[in-house]
J.: 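A single structure is presented below for examination.
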Amino acid sequence: MNRPKKQLLITSGKGECLMRKPGARYCFAGWMFMWLFFTGDAFGIHNSLFIRERLRAANSDPFYLERRDPHRGVQRDPKAMLRPNDLELKDHWRIEANVPPDLAGPLREDVSDFLRRMNVKVSQSTGRPIRLRLNKDLAPRAFHVDADPNHVEIQGGDAAGLWAGVAWCEREMGVRRGPFLPQGKVERQAAWRTQVSQGPWGGNYSVPDFSPEYLSDDAFRLYAHYGVNSMMIYGDVLCYAKSNILPELNCPDADKNLAMLKDAAQRAARYGVRFTYVPVGAKLRPEHQVFRNHPEVGGVIVKHGGGLQFLCSCSKTVHKYYEEMFSRLSENLAGVILITGGESWYHCRMWDWNIKTPCPQCSKIPVPEVTASWVEMVDRGLKRDNPEAFTAQWIYNNTGYTNRVERFKAAARQIGVFHAVDKDYRCHKEGYTKNMWDYSIDCAEPTPEIKKLAAFSHETGRPFWVKTETGSGLEVFQFPYVPAMQHLAHKWEGVRSLRPVGVHQSWLFFGMAGTRAEELGFWATYEPEKSAEQFLHEMAVRDFGPEAADQVLQSWAAMSRAVTHLPEIQMGGYYIGPMFLGPCYPMVPSSQDKVPEVFYAYLHYLQENEETFSVKQIQDARTCLVMRDLPRTTVVPDDPRSNAWDLVTREFTVAAKEAEEALHRMQAAAKHARTEADHRQFQEETDLTELLYRTWLTCANTVEFLRARHDWEKDKNPIGLSRMQALARQERENAVAALPIFARSRWLDPALRLDGGYRPAAEMLREKIAWLDRFLSAVTGAKP
């Protein structure tokens, strides 16, 4: 790939750099480019229209709802003691919400629910007051708390600030494990204006279905407790198409969809939450009526999907059309983030490398100018009726173009500069280089690229946005989070050092579920004076008990070490291979074996390569999640004579060993649990930690098994077969041990994911065990 100063290198199984071999450079560069494109970043579905029943069922499922409850772990510890200079909320308290009625109801319900779980009596008319009110003298998102034995007052600069103040008070009581608050006055300012998170776990984020059936108010309440004041919505902009400019693109349900968005925006506002839209532009067939009736709007034709055509990025007609559309949307949005590099907000120069027919107009114009006018037209539409709305440009992939600074420089200064903390970075590890072409849990420090963009933004007065991940990364995106808490806190310190105006804290990987990792976002936003060590210790005490805290912290430290030993972003492709399926992933004893149906899935993100509103990747195209052979690795050894797969095995083995240490620490700490809530937290965190351990064990075993199988099939060396047998027995044991994890912790089952269609973990594990049994029986003639 042609990236300035950061070329992605491809290695053979022996670790030699194939990009440097004569005659091979362009072949393998093209191969990697295609691989990266077809495993692009558009995780999730571009609209909700074709999985409505599934989304409706998930959003109302008590299992999803219970895990989205921010108070699910709240319980008073009978042994908790009042600290010096604290006050106790005892006897009766009443809640006075001196705010607009639509805000008052949710606030009263939330505070009342928390206090009751802390065994505090709440009255409607008697008792000392907890006053909730707005204060225009405070900045947006800021809050002020004044507490003494006779009253508690929480003020917010806006609804988001008031909710943050409530969340801060509840957290302070949580870490004290009782209804105890520090006396005195506290005021907090938000470190950035906008904090965006992914859609809720089990709830819908994709246009247009945002009615309470698909996106209920409990999701907004969850955001409010974690310092998040904007939810990312995503998908096909044509769901809102209604215009006389290009009537051929009109959506029959546009009015209904817009009304649904407006209602959802009003419901979200009660919790201080607004929507940030990441729109997906039109991908049409060249024979579409819009191109016949309006030839001037016909843009580039690309080879994807058998030949798809975009609307012309320079057409004045198209500009007027989109300005009008975003003007209608603007009152319901905080702003938009436009991905102009690689996907989503398609323009005629986005896929230059795969053009079938160039755009007559845009092909003659430099890329920075094309994208600048393309984002500015949206900004004009947004600001027509909503001057406070923001527009940010995200140059996700920058392949084949000039550097990102030049592209951002071409846009108007009010357009936000948006970039991920670890995108397109080559990180040197012990003995090799890891190519981080996408979000990685590994990379904790801001890269030189994002530092450069931050400096450019601050010097030129442009809004600067940071994209990060709260608790995951593409190495581990099947998990709700990885309890590598010290490591994740360090990542947030890096984000804070960049001084952004906005943070997009997670893409559409798992869904926001109120995890401890997500709570770090609240710390980064509102508690910069509190060290990571102090914050994590408080969290450990709150969730696991005072006597358990030190060992829990040691468990998190071991997991923090583990995530720095994941050698590749992906091995086999997104969703494919042992990095995704973990202990559910089967060994393939022969390259001729047929993979059982249970290991196939519908992968919705592949809709990126299809026509707008295509259902192929949802209903027709199923993808095998199993690698028959080892793929090419992106690991680049320092020593070109070494074998890259040796390094991959070594690193996964180290990661598994550190995760096993984390597991043992968590298991040892569990004996110190005091309350029922402590025991439940321990069970969940232990299951998550064990599944991570078993996932990385599977990764190491899979690599070695496929290498041994290669040797066996090549020359029938009995050493290779013996090695296959030993690894098969290890993986059978690993799979058997994983079965009760998924039985206890159903939330970890891939079948509950909404970004594709997957079979339950238990089915995959049983099929894997049976497959291994057949292999071992055939080789040894006896049952394993």
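In what follows, every heavy atom counts, from backbone to side chain, and hydrogens, waters and symmetry copies are set aside.
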J.: What's the separation between atom CG in Asp755 and atom CG in Leu508, rounded to the nearest 0.5 Å?
T.: 9.0 Å
J.: Checking Asp678 side chain against Thr675 main chain: does a donor-acceptor pair fall under 3.5 Å?
T.: yes
J.: Check the pair Asn701 / Met587 against side-chain contact (heavy atoms from CB on, under 4.5 Å), numbers first and verdict last.
T.: CA-CA 9 Å; Asn701 286 341; Met587 301 304 210; 3.8 Å; yes
J.: What's the verdict on side-chain contact (heavy atoms from CB on, under 4.5 Å) for Cys443 and Tyr425, showing C-alpha distance, side-chain angles and the deciding distance?
T.: CA-CA 9 Å; Cys443 188; Tyr425 181 57; 4.1 Å; yes
J.: Side chains of Thr525 and Gln195: is there a donor and an acceptor less than 3.5 Å apart?
T.: yes
J.: Quick one: do Arg117 and Asp69 satisfy salt bridge (charged side-chain N to carboxylate O under 4.0 Å, His left out)? Show the steps, please.
T.: CA-CA 13 Å; Arg117 295 186 190 217; Asp69 183 355; 3.0 Å; yes
J.: Pair Glu430, Arg650 - check side-chain contact (heavy atoms from CB on, under 4.5 Å), show working.
T.: CA-CA 11 Å; Glu430 184 182 350; Arg650 181 199 77 187; 4.1 Å; yes
J.: Rounded to the nearest 0.5 Å, what separates atom CD in Gln198 from atom CH2 in Trp201?
T.: 12.5 Å
J.: Do the side chain of Ser560 and the main chain of His487 share a donor and acceptor less than 3.5 angstrom apart?
T.: yes
J.: Could you check whether Glu518 and Thr470, counting side-chain N and O atoms only, form a donor-acceptor pair closer than 3.5 Å?
T.: no
J.: Taking the side chain as everything from C-beta on, heavy atoms only, tell me whether Lys467 gets closer than 4.5 Å to Val421.
T.: no
J.: Just checking Lys716: does its NZ atom have more than 12 heavy atoms from other residues, nucleotides or ligands closer to it than 6.0 angstrom?
T.: yes
J.: Just jot down the ring pair (Phe, Tyr, Trp, His ring centres under 6.0 Å) partners of His71, sequence neighbours excluded, or say none.
T.: Phe114, His225
J.: Got a sec: does the CD of Glu597 have more than 12 other heavy atoms crowding it under 6.0 Å?
T.: yes
J.: Do the ring centers of Phe599 and Tyr585 come within less than 6.0 Å of each other?
T.: no
J.: So, do Pro760 and Val598 sit near enough that their side-chain heavy atoms are less than 4.5 Å apart?
T.: no
J.: Counting heavy atoms not belonging to Lys530, are there more than 12 under 6.0 Å from its NZ?
T.: yes
J.: Given the rule in the salt bridge (charged side-chain N to carboxylate O under 4.0 Å, His left out) test, do Asp593 and Arg628 qualify, once you have shown the distances and angles that lead to the verdict?
T.: CA-CA 8 Å; Asp593 281 350; Arg628 290 185 174 277; over 6 Å; no
J.: With a 4.5 Å cut-off on side-chain heavy atoms, are Tyr226 and Gln505 touching?
T.: no
J.: Do Gln667 and Thr686 have a side chain donor and acceptor closer than 3.5 Å?
T.: no
J.: Please check this pair: side chain of Asp749 against backbone of Ala761, looking for a donor-acceptor N/O pair closer than 3.5 Å.
T.: yes
J.: Show the nearest heavy-atom pair for residues Ala668 and Gln551, with the distance to one decimal.
T.: CB-OE1, 3.3 Å
J.: Under 3.5 Å, is there a donor on one side chain and an acceptor on the other for Asn734 and Gln730?
T.: no
J.: Regarding Glu469 and Lys491, does a basic nitrogen lie under 4.0 Å from an acidic carboxylate oxygen?
T.: no
J.: Would you say Ser722's side chain and Pro718's backbone share a donor-acceptor pair under 3.5 angstrom?
T.: no
J.: Start with the C-alpha gap between Trp556 and Glu685, add the side-chain angles, then the distance that decides, and say whether side chain to side chain donor-acceptor pair (under 3.5 Å) holds.
T.: CA-CA 10 Å; Trp556 291 343; Glu685 193 85 344; 3.0 Å; yes
J.: Tell me, with the steps shown, if Ile569 and Lys434 meet side-chain contact (heavy atoms from CB on, under 4.5 Å).
T.: CA-CA 8 Å; Ile569 295 294; Lys434 177 178 179 180; 4.2 Å; yes
J.: Less than 4.5 Å apart, side chain to side chain, heavy atoms only: is that true for His710 and Asp629?
T.: no
J.: State plainly whether the residues Arg729 and Glu733 are in salt-bridge range, i.e. N to O under 4.0 Å.
T.: no
J.: Looking at CE of Met579 and CE of Met627, how far apart are the two atoms once the value is rounded to the nearest 0.5 Å?
T.: 10.0 Å
J.: Could you grab the distance from atom CZ of Arg759 to atom CE of Met764, nearest 0.5 Å is fine?
T.: 9.0 Å
J.: Taking Asn435 for its side chain and Trp437 for its backbone only, find out whether a donor-acceptor pair lies under 3.5 Å.
T.: no
J.: Is any side-chain heavy atom of Val595 closer than 4.5 Å to a side-chain heavy atom of Leu625?
T.: no
J.: I'd like to know if the side chain of Asp422 and the backbone of Ser440 have a donor-acceptor N/O pair within less than 3.5 Å.
T.: yes
J.: Check this for me: Lys657, atom NZ, are more than 12 non-hydrogen atoms of other residues, nucleotides or ligands nearer than 6.0 Å?
T.: no
J.: Flag this pair as yes if the NZ/CZ of Arg171 is under 6.0 angstrom from the six-membered ring centre of Phe522 and inside a 45 degree cone about the axis; otherwise no.
T.: no
J.: Determine whether the side chains of Glu676 and His679 contain a donor N or O and an acceptor N or O closer than 3.5 Å.
T.: no
J.: Could you grab the distance from atom OG1 of Thr468 to atom CZ of Arg496, nearest 0.5 Å is fine?
T.: 12.5 Å
J.: Does Asp442 come within less than 4.0 Å of Lys429, counting only side-chain N to carboxylate O?
T.: yes
J.: Can you see whether Trp696 engages Glu475 through a side-chain donor-acceptor pair at a distance of less than 3.5 angstrom?
T.: no
J.: Are Lys714 and Trp712 in a cation-pi setup, meaning NZ or CZ lies under 6.0 angstrom from the ring centre and within 45 degrees of the ring axis?
T.: no
J.: Check Glu519 with Arg516, please: is the shortest side-chain N to carboxylate O separation under 4.0 Å?
T.: no
J.: Ring pair (Phe, Tyr, Trp, His ring centres under 6.0 Å) with Tyr758: which of Tyr600, Phe580, Tyr602?
T.: Phe580
J.: Answer whether the closest heavy-atom distance between the side chains of Met512 and Arg68 falls below 4.5 Å.
T.: no
J.: Go through it in stages, so that I can follow the logic: the residues are Glu704 and Arg707, the test is salt bridge (charged side-chain N to carboxylate O under 4.0 Å, His left out), and I'd like the CA-CA distance, side-chain angles, deciding distance and then a yes or no.
T.: CA-CA 5 Å; Glu704 289 306 290; Arg707 294 177 74 187; 3.1 Å; yes
J.: Are Tyr439 and Phe509 close enough that their ring centers fall under 6.0 Å?
T.: yes
J.: Going by atom types alone, do Glu684 and Ser745 pair a side-chain donor with an acceptor below 3.5 Å?
T.: no
J.: Looking at Gly494, is its backbone amide N or carbonyl O close enough to the side chain of Ser497 to form a donor-acceptor pair, meaning the two atoms are under 3.5 Å apart?
T.: yes
J.: Is the backbone N or O of Pro750 less than 3.5 Å from a side-chain atom of Gln478, with the two atoms forming a donor-acceptor pair by type?
T.: no
J.: Judged by atom type as modelled, is there a donor-acceptor pair below 3.5 Å linking the side chain of Lys768 to the main-chain atoms of Pro583?
T.: yes
J.: Return yes if some donor-acceptor pair links the side-chain N/O of His672 with the main-chain N/O of Pro546 below 3.5 Å, else return no.
T.: no
J.: To the nearest 0.5 Å, how far apart are CD in Glu651 and OG1 in Thr653?
T.: 9.0 Å
J.: Can you check whether Phe479 and Phe510 have ring centres sitting under 6.0 Å from each other?
T.: no
J.: What's the shortest heavy-atom distance between Gln486 and Ala557, and which atoms?
T.: OE1-N, 3.2 Å
